[in-house]
Amino acid sequence: SRSLSFLFSVQMAEVAPIHPNSPLPIQDRKCFFVQRDYSKGLTAAFSTEFPTELVRVIDERTWVSFVKELNERFSVADAITARSVMETFLGLCTCYIFHPCTRSSYEIHLEDISDYIDDVNDQVFNSRGLHVGNPMEHGMRALEVSFLFSQKEKQPLQPTITNLGIVPRI
């Protein structure tokens, strides 16, 4: 009992109050989704329309160029190439024993897309209070856009057992 109260007091001492421009706890974050665009078939592509939620946060040109680049990268990943045909052929000939031994070109492209999203988040979006989630985490159905900071003044939260103001990493 004594060690538990000591641990709790140490945690409370390390927690800073939440200020209007500090990161929000994960349960208080607001987010919206940009839906997938099926107008050009089943290739993964997302709508390039500028969301109204981003009007005062980021300029339209930056957002549209990000989504267009993302769509282009998914198009390249889905393209049928000599390498993808060879990977499929080798998989069939080896009863798919070949696949766990190597990474497919599609997996390599998806990893590059993930790195691209992380880079754009670090360089552009996070400094403006946004975070764009990887669409692969949502089954390629939508892009999740989260607001990292509060837009209005909030009273600092008092640390409690259920809300210590600890901000988990994204």
Side-chain angles (χ1 to χ4, degrees), residues 11-12 14-81 83-84 103-170:
Q11 286 180 348
M12 284 185 60
E14 294 175 359
V15 174
I18 298 175
H19 298 290
N21 289 330
S22 66
L24 291 172
I26 196 83
Q27 66 271 14
D28 291 341
R29 291 195 181 156
K30 306 289 185 228
C31 70
F32 66 94
F33 293 90
V34 175
Q35 297 301 315
R36 194 164 152 182
D37 181 13
Y38 290 101
S39 65
K40 296 175 184 156
L42 295 177
T43 301
F46 298 95
S47 174
T48 56
E49 291 181 24
F50 187 64
T52 57
E53 294 88 352
L54 297 179
V55 168
R56 293 187 180 158
V57 181
I58 195 166
D59 63 305
E60 183 175 357
R61 187 174 31 165
T62 302
W63 176 258
V64 171
S65 67
F66 164 71
V67 175
K68 282 183 178 179
E69 177 67 22
L70 189 62
N71 288 343
E72 179 62 31
R73 288 174 184 248
F74 276 118
S75 174
V76 169
D78 285 339
I80 297 173
T81 62
R83 180 178 176 171
S84 66
R103 289 183 2 187
S104 69
S105 60
Y106 186 71
E107 292 171 332
I108 292 169
H109 284 292
L110 290 183
E111 188 175 307
D112 289 341
I113 291 169
S114 181
D115 291 342
Y116 170 70
I117 292 170
D118 290 341
D119 289 344
V120 173
N121 275 328
D122 290 341
Q123 296 171 6
V124 180
F125 295 140
N126 288 349
S127 63
R128 295 181 178 149
L130 294 174
H131 180 81
V132 177
N134 193 331
M136 292 171 259
E137 295 171 1
H138 295 286
M140 305 287 263
R141 294 182 313 258
L143 280 174
E144 179 182 9
V145 181
S146 302
F147 293 98
L148 300 177
F149 300 101
S150 66
Q151 300 296 326
K152 53 187 170 182
E153 294 286 324
K154 290 177 105 176
Q155 293 293 330
L157 297 175
Q158 297 299 323
T160 63
I161 293 174
T162 59
N163 180 10
L164 294 175
I166 298 172
V167 180
R169 290 188 66 192
I170 296 177

Verdict with supporting geometry, Asn71 and Lys40, side-chain contact (heavy atoms from CB on, under 4.5 Å): CA-CA 11 Å; Asn71 288 343; Lys40 296 175 184 156; over 6 Å; no

Verdict with reasoning, Val34 to Val67, per side-chain contact (heavy atoms from CB on, under 4.5 Å): CA-CA 10 Å; Val34 175; Val67 175; 5.7 Å; no

Leu110 vs Ile113, side-chain contact (heavy atoms from CB on, under 4.5 Å): CA-CA, chis, key distance, verdict: CA-CA 5 Å; Leu110 290 183; Ile113 291 169; 4.3 Å; yes

Criterion side-chain contact (heavy atoms from CB on, under 4.5 Å) on Trp63 and Val145, from CA distance to verdict: CA-CA 11 Å; Trp63 176 258; Val145 181; 3.6 Å; yes

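The distance from the NE2 atom of His109 to the OG atom of Ser114 is 14.5 Å, given to the nearest 0.5 Å. Atom CD of residue Gln35 and atom OG of residue Ser47 lie 9.0 Å apart, to the nearest 0.5 angstrom. Between atom SG of residue Cys31 and atom CG of residue Leu130 there is a gap of 11.5 Å, rounded to the nearest 0.5 Å.
The two atoms that bring Glu53 and Phe32 nearest to each other are CB-CE2, 3.6 Å, heavy atoms only. The two residues Tyr106 and Ala77 make their nearest non-hydrogen contact at CD1-O, 3.3 Å. Nearest approach of Thr48 to Val64, heavy atoms of both residues: O-CG2, 3.4 Å. Of all heavy-atom pairs between Ala44 and Asp78, the closest is N-OD2, 3.6 Å. In this structure, Phe74 and Met140 approach most closely via the heavy-atom pair CE2-CE, 3.0 Å. For the pair Ile58 and Thr62, the tightest heavy-atom approach, listed with the atom from each and the gap, is CD1-CG2, 3.8 Å.
With hydrogens and angles ignored, the 3.5 Å screen pairs no side-chain donor or acceptor of Asp37 with any backbone N or O of Ala45. A donor-acceptor pair under 3.5 Å is absent between the side-chain atoms of Ser84 and the main chain of Ile80, judged by distance alone. Side-chain N or O atoms of Asn121 include none that pairs as donor or acceptor with a backbone N or O of Asn126 at under 3.5 Å.
Look at Glu111 and Arg103 and you find a salt bridge, because one of the NZ, NE, NH1 or NH2 atoms lies within 4.0 Å of a carboxylate O, short of that distance. Looking at Glu69 and Arg73, a side-chain N of the basic residue comes within less than 4.0 Å of a carboxylate O on the acidic one, giving a salt bridge.
Aromatic ring orientation, Phe125 versus Phe66: perpendicular (interplanar angle above 60°, classes split at 30° and 60°).
The shortest side-chain heavy-atom distance between Tyr116 and Val120 falls under the 4.5 Å cut-off. A 4.5 Å side-chain heavy-atom check between Arg128 and Asp59 finds at least one atom pair inside the cut-off. Contact annotation: the side chain of Phe33 never approaches that of Arg141 to less than 4.5 Å [non-hydrogen atoms, C-beta and beyond]. Using a 4.5 Å cut-off on side-chain heavy atoms (C-beta onward), Leu70 and Val132 make no contact.
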